[in-house]
There are 2 protein chains.
Amino acid sequence: MNPKMTPYNINEFKNPLFTVDSVLFTVEHNCLKVLLVKRANEPFLGSWGLPGGFVNVDADATTDITALRNLKEKTNVAPQYLEQLQTFSNTSRDPRGFSVTLVYFALIAAQQVSSHIATIDEVQWVELDKLNSLSMAFDHKMIIEHAKQRLQQKALYSMVPVYCLPEYFTVGQLKSVIETIIGKTIQRKSLIRRIEAANMFEAIDEKVKSGGRLAQQYKVKSGVDIVHFERNLSV
Amino acid sequence: MNPKMTPYNINEFKNPLFTVDSVLFTVEHNCLKVLLVKRANEPFLGSWGLPGGFVNVDADATTDITALRNLKEKTNVAPQYLEQLQTFSNTSRDPRGFSVTLVYFALIAAQQVSSHIATIDEVQWVELDKLNSLSMAFDHKMIIEHAKQRLQQKALYSMVPVYCLPEYFTVGQLKSVIETIIGKTIQRKSLIRRIEAANMFEAIDEKVKSGGRLAQQYKVKSGVDIVHFERNLSV
DNA sequence: TGAATAGTGTCTCTCAGACAATATTAC
DNA sequence: GTAATATTGTCTGAGAGACACTATTCA
């Protein structure tokens, strides 16, 4: 702390409660799923909610690290994709008073975490379609809905859904993941055009069985950025 | 506070410093400008920075209200457009320690505020092109750059730039504002097609002088949402 | 009338959608 | 061979870009 600065009274304002939560999606068996955690603390002890928690200001360099730390506790790995969704705040979402949650939106391949979370009772994948029958902590149900809409939008103009797939994947797998996310079928031809135009994938020598003709495998080139196409796929 | 809940130790975690800042843009004389405020407090006392401050948890229902309250203090009016940009956090951006700022991104017609801010020494519009020659508080220069990029993106697939214009505006004015924002010319024809397709404007009876043929005036229909087009204008 | 700005007509170009045709695998 | 899936070819359509053309105003 700079000793020359005029004293700042940190108690002049009550700081709001500030937490970081993550909506981690995956696609498994043609279902869009979100990772939920059984809460071990009040409020909403025992309810299902998003993985998250307070910032550890001594250990977390940024809130990104906070999100990753909390996700790693639950899944044992870092998600393949992570970005800020938005914050949600008001005086009623947390019974303790005014609270702000910074929500991240993350993607991972189901295979990367399934073995780990299968061993933990307090963590589960829940199908988006089955959220309504679940009672959830805070406003997390509404937050998941926002995150889903963001994911659906991104699926129309970018290749982010690829981060729901393992390292090597085929066009058919990517097509299926996108279709699950946006809830309608797309043209394989359009997807192939985009795979070529995006220039963010490389073909793998080895092909893979698929029930018919062998399928070309791809992987994400290292160090590439997500391309944003100038047109959406049709809704 | 719910008395039945198990006690929660609020001091278990040091809460990070949490502030709300806004990047308020306008377009005036074919220049994109941002509203800056001369800081009245440490740190960075006397430097120029974004309007913002702490949440007043007793008075602000949401962080949106915090942003609006701070902007109104400086401009005397509410901006015509306001949305969350993103948060920025780390241990070094504020000398007091780990801090998080939630940044909003706002637009307003220059006419609505020029008379008011002209009376205040501590508030000024600064052209985006002249930011480099200014020493700014915190990481606000970088934040403004992020906000500018978001604005530029939005200008390509939506009509948000209209919120830099007064209630009644012409196609020529909107074209000019968009061109200033994205830094290149666009086709008047394309803009007119979008104005019709968006279905968010209504033509006003009265036309207005423009140096040549009288120009049709438009206004934003009340209660409409921003339309997102499925294609971008070309960059 | 000419300069200036507003507005229209229309052709091209790009890329998504549709879908037929072909290729490759397992059985 | 057939069934199943992968891949390519190619036509259509929507909407942006380009730009010529017309319309209206003022000096």
Side-chain angles (χ1 to χ4, degrees), chain A residues 30 152-159 161 165 168-179 181-218 227-235, chain B residues 30 152-159 161 165 168-179 182-219 227-235:
Chain A
N30 294 323
Q152 288 179 330
Q153 265 309 112
K154 291 222 162 208
L156 297 179
Y157 65 76
S158 82
M159 288 296 189
L165 288 170
Y168 295 169
F169 60 90
T170 67
V171 174
Q173 288 170 336
L174 181 52
K175 176 168 181 284
S176 161
V177 164
I178 293 172
E179 288 174 342
I181 289 171
I182 68 177
K184 72 180 287 293
T185 58
I186 62 169
Q187 293 286 325
R188 165 185 288 266
K189 181 72 182 185
S190 300
L191 180 57
I192 290 174
R193 276 192 290 240
R194 287 190 158 199
I195 287 175
E196 280 161 11
N199 192 31
M200 60 182 286
F201 307 112
E202 52 188 308
I204 301 301
D205 268 350
E206 170 191 1
K207 304 199 175 187
V208 77
K209 284 187 207 175
S210 66
R213 173 174 169 175
L214 298 188
Q216 175 66 57
Q217 281 187 300
Y218 294 87
V227 176
H228 287 203
F229 298 100
E230 296 202 345
R231 294 193 198 179
N232 281 5
L233 298 175
S234 298
V235 245
Chain B
N30 294 323
Q152 288 179 330
Q153 266 308 111
K154 292 224 159 204
L156 297 178
Y157 65 76
S158 82
M159 289 295 189
L165 288 169
Y168 295 167
F169 60 91
T170 67
V171 175
Q173 288 170 336
L174 182 53
K175 176 168 181 284
S176 160
V177 164
I178 294 172
E179 289 174 343
I182 67 177
K184 70 181 287 294
T185 59
I186 61 169
Q187 293 285 326
R188 164 184 288 266
K189 181 73 181 185
S190 300
L191 180 57
I192 290 174
R193 277 192 289 241
R194 287 191 157 196
I195 287 175
E196 280 160 14
N199 192 31
M200 61 182 286
F201 306 112
E202 52 187 309
I204 301 301
D205 269 351
E206 170 191 0
K207 304 198 174 190
V208 77
K209 284 186 206 177
S210 66
R213 173 173 168 175
L214 297 188
Q216 175 67 55
Q217 282 187 299
Y218 294 87
K219 62 172 287 198
V227 176
H228 287 202
F229 299 99
E230 296 201 348
R231 293 196 200 177
N232 282 4
L233 298 174
S234 298
V235 246

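Chain letters run A, B, ... following the sequence lines, proteins first and then strands; every chain starts at 1.
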Student: Starting at NZ of B:Lys184 and ending at P of D:dA16, how long is that distance when rounded to a whole Å?
Tutor: 13 Å
Student: Atom CZ of A:Phe169 and atom CD of A:Gln216: how far apart are they, to the nearest 0.5 Å?
Tutor: 10.5 Å
Student: Name all pairs fulfilling the salt bridge (charged side-chain N to carboxylate O under 4.0 Å, His left out) condition that reach into residues 202-219 of chain B, sequence neighbours left out, sorted by first residue then second.
Tutor: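 Pairs touching residues 202-219 of chain B that pass the test: B:Glu167-B:Lys219.
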Student: Measure the distance from CD1 on A:Ile195 to P on D:dT7 and round it to the nearest whole Å.
Tutor: 9 Å
Student: In whole angstrom, give the distance that lies between atom CG of A:Leu233 and atom C1' of C:dA18.
Tutor: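 Atom CG in A:Leu233 sits about 14 Å away from atom C1' in C:dA18.
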Student: For a quick check of understanding: with a heavy-atom distance under 4.0 Å over all strands, which category does A:Ile186 fall into, base, sugar-phosphate or nothing?
Tutor: nothing
Student: B:Tyr157 and A:Tyr157: aromatic ring centres closer than 6.0 Å?
Tutor: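 No; A:Tyr157 has its ring centre 6.0 Å or more from that of B:Tyr157.
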Student: Could you check if a side-chain atom of B:Leu165 sits within less than 4.5 angstrom of a side-chain atom of B:Val177, using non-hydrogen atoms only?
Tutor: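 In contact.
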Student: What verdict does the side-chain contact (heavy atoms from CB on, under 4.5 Å) test give for A:Leu156 and A:Gln153, after you've listed the backbone C-alpha separation in whole Å, the side-chain angles of each residue and the deciding distance to 0.1 Å?
Tutor: CA-CA 5 Å; A:Leu156 297 179; A:Gln153 265 309 112; 3.8 Å; yes
Student: Indicate, with a heavy-atom threshold strictly under 4.0 Å, whether A:Gln216 touches base, sugar-phosphate, or nothing.
Tutor: sugar-phosphate
Student: Polar atom pairs between nucleotides 12-14 of chain C and protein, under 3.5 Å, N or O only, would you list them?
Tutor:
from: C:dT14; atom 1: O2; to: A:Arg231; atom 2: NH2; distance (Å): 2.2

Student: Is there a residue in residues 200-212 of chain B whose heavy atoms reach under 4.0 Å of DNA chain C, and which residues are they?
Tutor: B:Ser210, B:Gly212
Student: Return the value, rounded to whole Å, for the distance between atom CZ of A:Phe229 and atom P of C:dA16.
Tutor: 7 Å
Student: Looking at C:dA16, I'd like to know if its phosphate oxygens (OP1 or OP2) sit under 4.0 Å from a side-chain N or O belonging to A:Ser234.
Tutor: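 No, because none of the side-chain N or O atoms of A:Ser234 sits under 4.0 Å from OP1 or OP2 of C:dA16.
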Student: Measure CG/A:Leu174 against C1'/D:dT5 and give the value in whole Å, please.
Tutor: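 Rounding to the nearest Å, CG of A:Leu174 and C1' of D:dT5 are 16 Å apart.
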Student: Round to the nearest Å and state the distance from A:Tyr157 atom OH to C:dA16 atom C1'.
Tutor: 18 Å
Student: Over how many whole Å does the gap from A:Leu156 atom CG to C:dC15 atom C1' extend?
Tutor: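 Rounding to the nearest Å, CG of A:Leu156 and C1' of C:dC15 are 15 Å apart.
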Student: Please list, for nucleotides 8-11 of chain D, all pairs of protein and nucleotide N/O atoms separated by less than 3.5 Å.
Tutor:
from: D:dG9; atom 1: N7; to: A:Lys189; atom 2: NZ; distance (Å): 3.0

Student: With the side chain of B:Ala215 defined as its heavy atoms from C-beta on, choose the nearest nucleotide among C:dA6, D:dA16, D:dT25.
Tutor: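 Looking only at heavy atoms from C-beta outward on B:Ala215, the closest nucleotide is C:dA6.
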Student: Please say which of B:Leu174, B:Val171, B:Ile204 ends up in a side-chain contact (heavy atoms from CB on, under 4.5 Å) with B:Tyr218.
Tutor: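 Of the listed residues B:Leu174, B:Val171, B:Ile204, the side-chain contact (heavy atoms from CB on, under 4.5 Å) partner of B:Tyr218 is B:Val171.
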Student: Kindly say if B:Gln187 contacts the phosphate of D:dA18, meaning a side-chain N or O under 4.0 Å from OP1 or OP2.
Tutor: yes
Student: Partners of B:Ser176 by side chain to side chain donor-acceptor pair (under 3.5 Å), sequence neighbours excluded?
Tutor: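 B:Ser176 satisfies side chain to side chain donor-acceptor pair (under 3.5 Å) with B:Asn30 only.
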Student: How would you list, by chain and number, every residue that makes a side chain to side chain donor-acceptor pair (under 3.5 Å) with B:Glu179, sequence neighbours excluded?
Tutor: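 Once residues adjacent in sequence are excluded, the partners of B:Glu179 under the side chain to side chain donor-acceptor pair (under 3.5 Å) criterion are B:Lys175.
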Student: At less than 4.0 Å, is any side-chain N or O atom of A:Ser190 found next to OP1 or OP2 of C:dG17? Yes or no.
Tutor: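 Checking C:dG17 against A:Ser190, a side-chain N or O does come within under 4.0 Å of OP1 or OP2.
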Student: What's the CD1-P distance between B:Ile182 and D:dG17, to the nearest Å?
Tutor: 9 Å
